[in-house]
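Positions are given from 1, in the same order as the sequence printed here.
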Amino acid sequence: MYKGTLALLISSIFTLPTAAIAMTPNSDLNLMPYPQNVALKEGKVTLDKSFSIYIKGYNSPRVKFNTKRVMERLYRQTGLPMLNWQAQSEQDATLVINIHHRPKSDVQNIDSDESYTLDVGNGKIVINAERPYGAFHGLETLLQMVSTDATGYFVPAVSIQDKPRFPWRGVSYDTSRHFIELDVILRQLDAMASAKLNVFHWHIWDDQGIRIQLDNYQKLWRETADGNYYTKDQIRQVVDYARNLGIRVIPEISLPGHASAVAHAYPELMSGIGKQQYPQQRGWGVFEPLMDPTNPALYEMLASVFDEVVALFPDEYFHIGGDEPNYQQWRDNRKIQQFIQNNNIDGERGLQSYLNTKVEKMLEERGKKMTGWDEIWHKDLPKSIVIQSWQGHDSIGRAAKEGYQGILSTGYYLDQPQPTSYHYRNDPMPKGITVDDKLHQGEEFETYEWVKPRGKGGPRKGNLTIITAVDGSYRAFTDYNGKSREEVYILEYVPGVKFRGHFDNFMSYTEFNYDFANDKLADSSYQLIGNVRWPATGQLVASSDMKGSQIPAPNGGYPAELTEKEQSLILGGEITIWGENLDSMTIEHRLWPRSYAIAERLWSSQTLTDERSMYKRMKAIDTWSEISVGLRHHADANMMLKRLANGTDSSALQTLAKYVEPAQYYARHWEKWNSTPTKGDLYNQYERLNRFADALPVESFAVYEMNDLVSRINKGEMSALATLNMHYLTVKLAAQQAKPIFANNIAAVNTMPMTDAVIAVADLGMNLIDKIKQGSQLSEQEVAAYHQIIDKNAVIFDETIVAIVSPTEQLLHILENH
């Protein structure tokens, strides 16, 4: 009926090309991460009071721990008492856990076998694994398969063969900027195990506090942690608990930068001039203090710290940070500059490598391999180190080309709200260029340069090139802020009029929404970064119509394409959760359920790319994780909403929270930075984390459904209109009821304008639904007026975004193009 140029779905649910989806393995069960090979069979195995478990083959206290844990979680999932669950024989058991061999080493390592098979049928469930780690993963898969119907609880008959795609699947967990309570950490370990994540990278040392008890150099934690630190016994508890779950724990001791806490405690170890003194750092950012590699006392301190930390963390790897050094103190210090000259060191970058080389040898003497962020890379370091990349595929690809192992964190930053689909598309393996960027005979092109501001720091710059093929089809790519050339997936293109397309840059989902006017980007042009609009300016700089013009060379080169040998150096990835705007109550719903999607990218087949399936399964796993694992991401959010309701009914806030999203990417950081007359006064530990935005899930499942309904309407399914209208009615009523609640709480007064925006957009959505039902055509004046309503309400309100703007705008596109 209406066949406009509506995008496939919204920005948060874009899919990969159809060819990739066609190869997707079956994903019929609600499992995450999805196993490598799943064969569905007829029948099921019943779970009732006679359920029992038998451990065959290798057994240990750790195996018994996980077996008992399964029973506890089965009770949470079913409520059925299974009192006689320890079977006396394999024949009597419902579940047989057959572990063929003991672990090859007492300490789990990157080479540990994590494979398993799971067979369900003929009244029995059998897990086979070479080593215990595979069995633990098999038990998690089994728990996700528990189902119920009118006749009882059961597990469907199935045959599963499974192993991880990557051996390193981690979470880098910041507990320095805000202290995270011990019970929260232990619960995240439970959740990690349920997602088959196997590395807990513990960031306990940064500018704002050192959170580890040390017997020597006690000022490190006594004078920087405000009494909030982890005792050695607590650290042992975490390490032991993680080991029981098959999770490695790696500490991070940051050097030479991110050293403000060390500078506050021991200023003499820094590189400043004269008598040094540094306040306790409460702010966020990159700061001046930098350790002095020419000072022997620094190595005495590091040796002492390494000895104490190594005794607590048995893993083979030790993280030294190394990121974001501010070299100014080294540049200003004549003694350090003389040292660089006397030792033929290649400047400040070389001095950091000098320090890293000495540190690597110190760790090697203590039986450890060094890992750190991109900045540690140097040709003098051994190939045994692992480089963790926050700078993206360009960096990790370069390291692999040089023979270094790497893990990817770029694109997995969960402290930054982003569409889950963005993380899901982000594969650790560099894939090379995916678009033909060459101009062939008979083809034409246009290149626009553009500039986009940011809330803090300098603007982003780049270009967009669109090629028109001989057959009339289009392809596009961008050179974005010095990064390697990337394909842009075109959603809509009318030459000389408008362009809409998206790509995943190294840190965020990015969508170009450009209107053209006289070879320039019109004032209405913007980039959508996550869910936030940023104005864009620019102009046409090259085209086939410009004499002597050609497509600009890529200013950031081409993305790395690795050989098979180089691919083996990509060990996996780590979710990263930085703590500037997170605390014990808010950190959990940044991590979950999105971490299951990233875990799937690290564990499952590379061909598993169907985002619709991912969202469907993630929604099911979201509920399962509360019941089976005991996660509190929704419970904590509801508690925050009840706090905002201040003794009144919070149900309206809970409903409204389903349709509003926190401003994504770094937008909330920048809002805080710009919120005071003197920039940055609240960009620190004193900033409150009690806004409505803090209680919101990162991404709205309800709005995902609304966009899906709009997509169906665009295909002519008019039956979807009624369901979509009900969404608008629901959120409008919730906004009306929430407004007086916000007005009566100091923490939410600034959120009130958001409710008016929700009402305005909901009214527009229902008006557009009526227009579609009536088969109306819009006048130019109506189109302009409706766009004005959308633009007015597509802004940030107290760090939130009215997410229903997206489906409403898509409805308008349908009517515009009818």
Visitor: Which atom pair, heavy atoms only, marks the closest approach of Leu214 to Lys232?
Guide: CA-CE, 4.4 Å
Visitor: Atom CD1 in Ile340, atom CG in Asn344: separation rounded to 0.5 Å?
Guide: 11.5 Å
Visitor: Roughly how far, to the nearest 0.5 Å, is the OG1 atom of Thr357 from the CD1 atom of Ile376?
Guide: 10.0 Å
Visitor: For His178 and Gln685, test the side chains for any donor-to-acceptor distance below 3.5 angstrom and give the result as yes or no.
Guide: no
Visitor: I want to know whether Phe506 and Tyr480 have ring centres closer than 6.0 Å.
Guide: no
Visitor: Does CZ belonging to Arg688 count more than 12 external heavy atoms closer than 6.0 Å?
Guide: yes
Visitor: So, Trp284 versus His669, ring centres under 6.0 angstrom or not?
Guide: no
Visitor: Under 3.5 Å, is there a donor-acceptor pair linking the side chains of Asn216 and Ser304?
Guide: yes
Visitor: Let's go through Phe313 and Phe318 carefully: what are the C-alpha distance in whole Å and the side-chain angles of both, what is the deciding distance for ring-ring contact (aromatic ring centres under 6.0 Å, His included) to 0.1 Å, and is it a yes or a no?
Guide: CA-CA 9 Å; Phe313 295 89; Phe318 192 109; 7.9 Å; no
Visitor: CG/Leu408 to CD1/Ile570 distance, rounded to the nearest 0.5 angstrom?
Guide: 8.0 Å
Visitor: About how many Å separate CD1 of Ile250 and OG of Ser172, when rounded to the nearest 0.5 Å?
Guide: 10.0 Å
Visitor: Ignoring hydrogens and angles, state whether a donor on the side chain of Lys456 or Asn674 is under 3.5 Å from an acceptor on the partner side chain.
Guide: no
Visitor: Could you walk me through whether Phe287 and Tyr278 pass ring-ring contact (aromatic ring centres under 6.0 Å, His included), step by step?
Guide: CA-CA 11 Å; Phe287 303 103; Tyr278 302 90; over 10 Å; no
Visitor: Are the side chains of Asn426 and His393 in contact, using a 4.5 Å heavy-atom criterion?
Guide: yes
Visitor: Taking the side chain as everything from C-beta on, heavy atoms only, tell me whether Lys483 gets closer than 4.5 Å to Asp394.
Guide: yes
Visitor: Between Glu574 and Trp390, does any side-chain donor sit less than 3.5 Å from a side-chain acceptor?
Guide: no
Visitor: Please evaluate residues Glu288 and Gln328 with respect to the criterion side-chain hydrogen bond (donor to acceptor under 3.5 Å, both in side chains), reporting the C-alpha separation (whole Å), side-chain torsions for both, the decisive distance (0.1 Å), and the verdict.
Guide: CA-CA 7 Å; Glu288 180 183 81; Gln328 195 60 48; over 6 Å; no
Visitor: Before giving the answer on side-chain contact (heavy atoms from CB on, under 4.5 Å), spell out for Leu528 and Trp534 the whole-Å C-alpha distance, their side-chain angles and the decisive distance to 0.1 Å.
Guide: CA-CA 6 Å; Leu528 190 71; Trp534 296 91; over 6 Å; no
Visitor: How far apart are the C-alpha atoms of Glu687 and Lys672, what are their side-chain angles, what is the distance that settles it, and do they pass the salt bridge (Lys or Arg N to Asp or Glu O under 4.0 Å) test?
Guide: CA-CA 8 Å; Glu687 166 63 340; Lys672 294 179 189 298; 2.9 Å; yes
Visitor: Decide whether Asp207 and Ser260 meet the rule of one side-chain donor and one side-chain acceptor closer than 3.5 Å.
Guide: yes
Visitor: Judged by modelled atom types alone, do Trp330 and Ser271 share a side-chain donor-acceptor pair under 3.5 Å?
Guide: yes
Visitor: Taking the side chain as every heavy atom from C-beta outward, state whether Ile396 and Ile387 have any pair of such atoms under 4.5 Å apart.
Guide: no
Visitor: Answer yes if the side chains of Asn356 and Ser353 hold a donor-acceptor pair under 3.5 Å, and no otherwise.
Guide: no
Visitor: Would you say that Met291 contacts Leu269 through its side chain, given a criterion of any heavy-atom pair below 4.5 Å between the two side chains?
Guide: no
Visitor: Give, for atom CG of Asp479 and atom OG of Ser484, the distance between the pair rounded to the nearest 0.5 Å.
Guide: 9.0 Å
Visitor: Between Ser395 and Asp374, is a side-chain hydrogen bond (donor to acceptor under 3.5 Å, both in side chains) present by the stated rule, with each step listed?
Guide: CA-CA 7 Å; Ser395 178; Asp374 301 85; 2.3 Å; yes
Visitor: Going by atom types alone, do Tyr665 and Gln418 pair a side-chain donor with an acceptor below 3.5 Å?
Guide: no
Visitor: Tell me whether Lys275 at atom NZ has more than 12 heavy atoms from other residues, nucleotides or ligands lying less than 6.0 Å away.
Guide: no
Visitor: In terms of ring plane angle, is the pair Phe200 and Trp202 parallel, tilted or perpendicular, where the classes change at 30° and 60°?
Guide: tilted
Visitor: Compare all side-chain heavy atoms of Arg187 with those of Glu588 and state whether any distance is below 4.5 angstrom.
Guide: yes
Visitor: Counting only heavy atoms from other residues, nucleotides and ligands, does the tally under 6.0 Å from CG of Asp346 exceed 12?
Guide: no
Visitor: Hey, can you tell me if Trp221 and Tyr229 have their rings parallel, tilted or perpendicular (30° and 60° cut-offs)?
Guide: tilted
Visitor: State, without any angle test, whether Asp380 and Tyr354 hold a side-chain donor-acceptor pair at a distance under 3.5 Å.
Guide: no
Visitor: Side chains of Thr294 and Asp292: is there a donor and an acceptor less than 3.5 Å apart?
Guide: yes
Visitor: For a quick check under 3.5 Å, do Asn333 and Gln329 share a side-chain donor-acceptor pair by atom type?
Guide: no
Visitor: Are side-chain N/O atoms of Arg601 and His423 paired as donor and acceptor at under 3.5 Å?
Guide: no
Visitor: Closest approach of Ser595 and Leu414, non-hydrogen atoms and distance?
Guide: OG-CD1, 3.3 Å
Visitor: Return yes if some donor-acceptor pair links the side-chain N/O of Tyr404 with the main-chain N/O of Leu381 below 3.5 Å, else return no.
Guide: yes
Visitor: Salt bridge check: are Asp415 and Arg590 linked by an N-O gap of less than 4.0 Å?
Guide: no
Visitor: Can you name the closest pair of heavy atoms from Pro662 and Asn531 and give their distance?
Guide: O-ND2, 3.2 Å
Visitor: Under the criterion side-chain contact (heavy atoms from CB on, under 4.5 Å), I'd like the reasoning laid out for Met754 against Phe692: C-alpha separation, chi angles, the key distance, then a yes or no.
Guide: CA-CA 10 Å; Met754 178 269 290; Phe692 184 61; 3.5 Å; yes
Visitor: How close do Arg211 and Asn228 get, counting heavy atoms only, and between which atoms?
Guide: NH1-O, 2.9 Å
Visitor: If we only count heavy atoms from C-beta on, is the His319 to His203 side-chain gap below 4.5 Å?
Guide: no
Visitor: Is any NZ, NE, NH1 or NH2 atom of the basic residue among Arg668 and Asp694 found under 4.0 Å from an Asp or Glu carboxylate oxygen of the other?
Guide: yes
Visitor: Take Tyr686 and Asp681, measure what side-chain hydrogen bond (donor to acceptor under 3.5 Å, both in side chains) needs, and give me the verdict at the end.
Guide: CA-CA 9 Å; Tyr686 297 110; Asp681 282 352; over 6 Å; no
Visitor: Quiz question: by atom type and distance under 3.5 Å, do the side chains of Thr420 and Glu699 form a donor-acceptor pair?
Guide: yes
Visitor: Should the pair Trp373 and Trp578 be assigned to parallel (<30°), tilted (30 to 60°) or perpendicular (>60°) ring geometry?
Guide: tilted
Visitor: Going by atom types only, do Ser176 and Gln208 share a side-chain donor-acceptor pair under 3.5 Å?
Guide: no
Visitor: Would you name the heavy atoms of Ile345 and Phe339 that are closest together and state the gap between them?
Guide: CD1-CE2, 3.8 Å
Visitor: Minimum heavy-atom separation for Gly285 to His258, with atom names?
Guide: O-CE1, 4.1 Å
Visitor: Is atom NZ of Lys401 surrounded by more than 12 heavy atoms (other residues, nucleotides or ligands) closer than 6.0 Å?
Guide: yes
Visitor: Is there a side-chain contact between Val795 and Ile801, using heavy atoms and a 4.5 Å cut-off?
Guide: no
Visitor: Kindly indicate whether a cation-pi arrangement holds for Lys219 with Tyr266, taking the cut-offs as under 6.0 Å to the six-membered ring centre and within 45° of the axis.
Guide: yes
Visitor: Rounded at 0.5 Å granularity, tell me how far OG1 in Thr751 sits from CZ in Phe797.
Guide: 11.0 Å
Visitor: Check whether any side-chain heavy atom of Tyr327 lies under 4.5 Å from a side-chain heavy atom of Leu351, and answer yes or no.
Guide: no
